[in-house]
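Whatever order the structure lists them in is the order used to number ligands and atoms, beginning at 1.
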Amino acid sequence: MFVTVFLLLVTLCAQGGNGEEREEAQRPGHVSVVIVGGTGDLAKKYLWQGFFQLYVNQVSSGNTFSFYGGGLSPADQATSVLFEILKAVSCSKDVSQERCALLKEQFIRLSKYRQLKTLEDYQDLDKHIEQELQQEGILEAGRLFYLSVPAFAYADIADKINSSCRPTSRAWLRVVLEKPFGHDYRSAQVLATQLGSSLKDEEMYRIDHYLGKQVVAKILPFRKENNKFLDPIWNKHHIERVEIVLKETLNVKGRIPFYDQYGVVRDVLQNHLTEVMTLLTARLPMNLSSSEEVLRNKLQIFRSLLPLGKNQAVIGQYQTYKTEVQQELNKTKDHVSVTPTFAAVLAYIDEAQYEGVPILLISGKMLDERVGYARILFKNDMFCLQNHNSIHCKPKQIVFHFGHGSLQYPAVLVSKNLFKPVLMDSEWKEVTEHTDVNVLGLHISDYYVQTPTEPREAYSELISHIFAGRKNSFISTENLLASWGLWTPLLNSLASSFPRIYPGGSDNGDLLDVRVRGKDISYNSEVVIISNDQMGGASAKDFQVMQGKFRSADMVSAWAEELVERLAADMQEAAEAAVREGGVFHLALSGGSTPLALFHRLALHHFSFPWKETHVWMVDERCVPLTELESNFRSLHDHLLQHVRIPYYNIHPMPVQLNQRLCVEEDGGALLYEQEVSKLVNGSSFHFVLLGVGYDAHTASLFPGSKVDELGESLVALTESPIKPHQRMSLTFSAINRAHRVALLVMGKGKHELITQLSRVKDNPDKWPVTGVKPANGRLVWYIDYDALLG
Ligand code: BG6
């Protein structure tokens, strides 16, 4: 049957002919397409139409096809459902009615429902494909499985495909997956590992349908085509800010069981809007069709994005969401959900090109209009004395308009006071006849406008890329994890925040307007509508900072974000007091990951910190070159020092590398550091020492069993760690306990058990080194977050 269809359609195509996909990078042969979840919503709305489009485009390519809609129901129940879906597929305008009817008929005949539930079902499918291939005597080109099912089923299905449905040697296997790909870094990693045990990376196609939108797909080509205009202005000196916005009018009724677990940040910011951001800011690839280069350049952006702190986001929830949750999840009237349906997030890229350029990512349900766009707003250096309507005085901007909104069609708009863009290719046209609309503050006639000659559905576009084996519009495992790496800490810190409640639609007025101040974003209006029942019985004080005692010293406790805020404020206060008294502040900082949040806080929010008068010392160091990522100094440099204006001569890394070797006793590095401390620090008493505590209760690099008391009066010593790198240099208790103030920062659930033990044990620095921290004339304060304290 395949051959007959093929011949018949070749004849038709030779007569008609349309703009087909020409890019297949594979030998022609037979292709089996299996949509698992083939009668579901997504398949019904987009997938079958997308595969029909592929079929139409491919009929003259030498490939033959069979399509399978797979599902859990038995075939006698689902076949008719699939048939109804297939009947609804349609042709593009350039296909004649007669040809379309024939193509549809063939497509429907080639499509079958199959129950795909058990391993045997998959084995049967495999047998069936093999038999058909043999009967028809044709070569197999490949198998494409589209998993349009909930993500929890992925690993199991991938396993079944791997064990029973792999094509024979030269044919390809491609498995397409729909988001969600996890709900945070850890779960995404687990899912990636599970999938990785059944599928090779190149066999997986993770879909983000935004990458198939015509305008989104044109961002990189547009930047490249217009590089001669953009290169001089695509940087911090010219860009005022970048806005990436997806506004929706609908609520999430009917999707609550999914949505309430995810919320707007996971649903669209972590994926769609983040992808757009990387396309706008990634280094331009030399070769746009090199997936490897495109993905690598996008990955580089993730590496350069500054961490997102709690002050870089505001969240909201539409008013009726709560009731929808109660109804759909069968909850009582007092059930509260803090899932955000609106979020505005402020990101910064730590690269010289974009330093200080605010990037806003905003999305919400139940807003006043449906529209999606990315706007690059440029600084305007013009001052117009009189004629404010002249084009020079108007906003300078480039808008990638994904669709809907007042414009109603996808387009790239460049304001006429910037430059006239090059026409991208024959699939795009200039629009010169306009209806009377405004787009983001400018009348349409103030823009050069380009739009696709023919609108195409994102899914159809991506399906054609999958078929061609083009991977640059899909999400690689590395990029996915990098994205979750960016979003997970923010999601964690938002987990205890109450969203601002908004009424929905145009009634929102200016309630969701946001303002960017320095590195913070906040709602512009102060009105916070939180009804009592939104608080769910919890009182605001449950989320505040609490003071107490721990091991008879002072303790401050709060959620991580507030705790870090408090510690940074205390540190600044100590710095100001020291500078007032003696003109200098000596600060000793420890390594590890715990203080990173504090370093970011200091770098991003404490602009008035007296850095010029501050000397920064190290509490301890690993015996590796300072340029290595493992080096405590390197981490301090990357996360704090390079972001603040501190004189170079105030920075004191530990001399772990002397005579081209690392931490050799005879080189006397420890003694050198001790002499430097004695020379510069009055009485060798640091004003402030920041310490952490490891799971084995070590502090600084003073580990259990290391006989630290034998070090006598030395201030600095070479020590041994049970974990790599084993050699360390560390301040000793003699140095630490001379400090005016010592802060012990402990965060994370993982430290709960340790904190519980520490609350009970007696001082025994050999076994529990941290219990040796006892400033002789100074003050010790424990900063313990609720996770570590309460578990
Ligand atoms: C989906 C989200 O991925 O994208 C939806 O799950 C959202 O919540 C949709 O509505 C937006 O896509 P589009 O193409 O309508 O902008």
Trainee: Just let me know how L246 lines up against ligand 1, side chain, backbone, both or neither, with a heavy-atom cut-off below 4.0 Å.
Mentor: side chain

Trainee: Looking only at side-chain N and O atoms, does T477 offer a donor or acceptor that is under 3.5 Å from a partner on D201?
Mentor: yes

Trainee: What protein heavy atom sits nearest atom 12 (O) of ligand 1, and how far away is it?
Mentor: H209 NE2, 3.2 Å

Trainee: Is the shortest distance from a heavy atom of Y210 to ligand 1 less than 4.0 Å?
Mentor: yes

Trainee: At a non-hydrogen distance cut-off of under 4.0 Å, which region of R370 contacts ligand 1 (side chain, backbone, both, or neither)?
Mentor: side chain

Trainee: Does any donor atom in the side chain of D260 or Y321 lie under 3.5 Å from an acceptor atom in the other side chain?
Mentor: yes

Trainee: For W487 and T274, test the side chains for any donor-to-acceptor distance below 3.5 angstrom and give the result as yes or no.
Mentor: yes

Trainee: Is H404 near ligand 1, meaning one of its heavy atoms is under 4.0 Å from it?
Mentor: no

Trainee: If the threshold is 4.0 Å, N to carboxylate O, is there a salt bridge linking K87 and E84?
Mentor: yes

Trainee: Going by atom types alone, do R515 and N524 pair a side-chain donor with an acceptor below 3.5 Å?
Mentor: yes

Trainee: Could you find the nearest protein heavy atom to atom 10 (O) of ligand 1 and give me its residue, atom name and distance?
Mentor: E248 OE2, 2.5 Å

Trainee: Would you say the side chains of Y502 and T341 form a donor-acceptor pair under 3.5 Å?
Mentor: yes

Trainee: Specify the protein heavy atom at minimum distance from atom 3 (O) of ligand 1: its residue, its atom name, and the distance to 0.1 Å.
Mentor: H272 NE2, 2.7 Å

Trainee: At a 4.0 Å threshold, what atoms of ligand 1 neighbour a non-hydrogen atom of K365?
Mentor: 5 (C), 7 (C), 8 (O), 10 (O)

Trainee: Please check if any side-chain donor atom of H443 sits under 3.5 Å from a side-chain acceptor atom of D436, or the reverse.
Mentor: yes

Trainee: Between Q397 and R375, do the side chains contain an N or O donor and an N or O acceptor separated by less than 3.5 Å?
Mentor: yes

Trainee: With heavy-atom distances below 4.0 Å as the criterion, list the atoms of ligand 1 near K179.
Mentor: 1 (C), 2 (C), 3 (O), 6 (O)

Trainee: Students should be able to answer this: which protein heavy-atom is nearest to atom 14 (O) of ligand 1, and at what distance?
Mentor: K213 NZ, 2.7 Å

Trainee: Enumerate the atoms of ligand 1 whose separation from the nearest heavy atom of D267 is less than 4.0 angstrom.
Mentor: 2 (C), 5 (C), 6 (O), 8 (O)

